[in-house]
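All remarks here apply to the structure that follows.
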Amino acid sequence: MSEILTFKDIWVEYGEKIVLERVSLSISEGSFVSIVGPSGAGKSTFLRLALGQEAPTRGQVLLDGKALLPQCDPDRGVVFQRYSVYPHLTALQNVLLGLEFAKSPFLGRLYGKARRDAIQTATDMLTAVGLQHNLNIYPSALSGGMQQRLAIAQALVKHPRVLLLDEPFGALDPEIRLEMHDLILRLWAQHGLTILMVTHDLQEAFKLATRVIKVDKRRHDPHAPHRYGSGIISDVTPDKTKPVPLDVTTLLLPSSDEV
Amino acid sequence: MDEAGGRERLVSALMRRLINIKPGQGAAFMLGALPLIAIFLLYVQAAAERSAANAADKLLPTLDKMGESLSRVAFHPDVLTGKVLILSDTIASLQRLGVGIGIATVVALVLGLALGVVPLVRATLAPIIATIAVIPPIAVLPILFIVFGLGETSKIVLIAVGIAPLMIRDLAAHVAALPNEQILKAQTLGASTWQLTLRVALPQALPRLIDSLRLSLGPAWVFLISAEAIASDVGLGYRIFLVRRYLSMDIILPYVAWIALLALLMDVILRGISREVFPWYHGKGK
């Protein structure tokens, strides 16, 4: 499998505060990578770098071998924990939006046959996430789980090279979360997606991902807690033939050469 | 409802804290009507007493007298001009108000969006708009009279200049406060700055613009009446200030009530439009 997303010797600093230090990571096409770690360790910084929301202080982020501009572009789709869908658009219009942006630079709207085709594409995508009966409903009338389904459909209709998920199921009920796990695994397999997911739920990470990466500080100075940034302290490939063990923390202990 | 049930409900209402006693729809309507009816009855009573003491009293004219005077200006053409006064006054005032508010709204929409969406525009224009906003508009009225003359232009400009800065700032703040996730997501869907403005920011700005327009109607009327009071020959404000010289409360009071009714109507219409066109803004998902 070829490399699709590469972090090359990344440092992220906010003034005195060092968030990430000398981080290198290659993500191969078709993999499902999950980033875990304690709060404030810089998991989400990873996602923001990949998204282009911010640029590393040093180092490079490469997509298909090309350095990313520090801005979001349609080759990377994203689903946030909240606010991913537009409240003023119905479910169908939310998914249509990406198609309209692509084909109508001035009006941002499609008419006639182009619109009918786009509606067909969008409806198919909404059917794939199980929202075929809610096409003309505004997001405020959808449950949290359905809103996240909509956000996923909205992102996937653009066929992004990489799908970035930022705690996408963190605000959902446990039951709904399980349904969403099945959905995302099915879409991942069907569409051959490459997924980078940030989560604080280790069970979720081990259940879904083909590769779990733990981010944390390697060194800690109690007198200057921001002096050292986080790095990758373990990089694990879960055994998919066995069920996820109840306690997965031991699987994430730092590998000996790193300490 | 039987008496026992009614008493039970009353007792249960009295047992609760004041903040937890909420009127039903009918009760709320009655409560809201109460002060209006009270003021009306008080006025009728006071006017009757004064009129009994002095039939020529001008300060609190009776309803009959107001109706008489009103019919003179509302239903009979003026002897000098041949026009129905209240009609020509209303048309003149509403024209000034409409054009002034229209200009302010368009300017607020364009600038509010630009300021809210584009950081460079915000950095450039926000300070100057904030500066203009703190100048009391009536203070620049003399300048407007000097620059634009005493005609329609200066009155319209006063209304527009008076309400636009606040509307611009309100809209810009609202657009800038849209969740950053929405802006990032639009870019991952391939939106250019223009497309993002058109499909993400504009539709979410419009209902807010109507809100801020509704709040600006009050100040807009103030500026209109002020400008008409100072220099005009027709208009609702002009008429009120003209007949003040003759202590004509019988004309002033119906005119004030008429202005209140017009303002209320505009507010109701704007709210109706907003609810009809932007159901998602009012929490109606389907």
Side-chain angles (χ1 to χ4, degrees), chain A residues 47-48 50-54 69 71-91 93-109 134 136-143 146-147 151 154-164 166, chain B residues 109-110 112-114 116-122 170-212 271 273-286:
Chain A
L47 200 101
R48 287 200 292 272
L51 185 59
Q53 190 182 348
E54 59 184 83
L69 282 177
Q71 66 173 12
C72 308
D73 282 308
D75 44 18
R76 284 147 291 148
V78 68
V79 174
F80 296 105
Q81 186 173 0
R82 291 178 65 197
Y83 305 122
S84 278
V85 294
Y86 296 105
H88 63 288
L89 298 174
T90 63
Q93 289 167 340
N94 260 291
V95 178
L96 272 180
L97 196 62
L99 303 169
E100 292 177 310
F101 284 151
K103 291 196 183 134
S104 176
F106 188 67
L107 289 176
R109 284 177 190 280
N134 299 289
N136 298 315
I137 288 180
Y138 287 101
S140 59
L142 295 173
S143 68
M146 284 158 105
Q147 287 190 21
Q154 189 183 35
L156 286 187
V157 84
K158 296 295 285 183
H159 301 294
R161 294 286 288 147
V162 183
L163 181 62
L164 306 168
D166 190 1
Chain B
L109 182 62
V110 172
L113 275 177
V117 173
V118 188
L120 285 177
V121 176
R122 191 176 187 81
D170 180 67
L171 200 67
H174 179 72
V175 172
L178 288 176
N180 194 30
E181 284 89 343
Q182 285 193 13
I183 308 299
L184 295 171
K185 179 95 182 197
Q187 296 177 65
T188 68
L189 297 177
S192 62
T193 301
W194 167 249
Q195 288 174 321
L196 191 154
T197 307
L198 203 63
R199 295 297 315 273
V200 175
L202 173 67
Q204 297 191 75
L206 285 176
R208 178 66 173 215
L209 185 66
I210 292 184
D211 281 352
S212 113
R271 193 179 58 188
I273 292 174
S274 181
R275 281 176 182 270
E276 193 58 39
V277 183
F278 310 109
W280 53 268
Y281 186 73
H282 300 274
K284 285 184 267 175
K286 286 179 198 183

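For the options R109(A), Q71(A), R76(A), heavy-atom pairs under 4.5 Å to chain B are most numerous at R109(A). Chain B forms the most heavy-atom pairs under 4.5 Å with one residue out of G108(A), A155(A), G98(A), and that residue is G108(A). Between chain B and the residues S84(A), P87(A), G52(A), the largest count of heavy-atom pairs under 4.5 Å involves P87(A).
Looking at Q93(A), there are no atoms closer than 4.5 Å to chain B (heavy atoms on both sides), in backbone or side chain. For L184(B), the parts lying under 4.5 angstrom from a heavy atom of chain A are both the backbone and the side chain. With a 4.5 angstrom heavy-atom cutoff, L164(A) does not touch chain B via any of its atoms. Proximity to chain B (any heavy atom under 4.5 Å) is shown, for L99(A), by neither the backbone nor the side chain.
Rounded to the nearest 0.5 Å, atoms CG (L97(A)) and CG (L196(B)) are 9.0 Å apart. The distance from the NE2 atom of H88(A) to the CZ atom of R199(B) is 6.5 Å, given to the nearest 0.5 Å. Here the OH-OH distance, from Y138(A) to Y281(B), works out to 14.5 Å after rounding to the nearest 0.5 Å. In this structure, NZ in K185(B) is found 11.0 Å from SG in C72(A), a value given to the nearest 0.5 Å. Separation of atoms NZ (K158(A)) and OG1 (T188(B)) is listed at 8.5 Å; rounding is to 0.5 Å. We find the OG1-CH2 distance between T90(A) and W280(B) to be 12.5 Å, quoted to the nearest 0.5 Å.
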request  = Please assess E181(B) against D166(A) for the test side-chain contact (heavy atoms from CB on, under 4.5 Å), listing each intermediate value before the final yes or no.
outcome  = CA-CA 11 Å; E181(B) 284 89 343; D166(A) 190 1; over 6 Å; no
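The environment of CZ in R82(A) is sparse: at most 12 heavy-atom neighbours from other residues, nucleotides or ligands sit within 6.0 Å. Within a 6.0 Å radius of OH in Y83(A), no more than 12 heavy atoms belonging to other residues, nucleotides or ligands are found.
Across all non-hydrogen atoms, the minimal contact from P74(A) to G190(B) is CG-CA, 3.8 Å.
Looking only at distances, a side-chain donor or acceptor of Y86(A) sits under 3.5 Å from a matching main-chain atom of A186(B).
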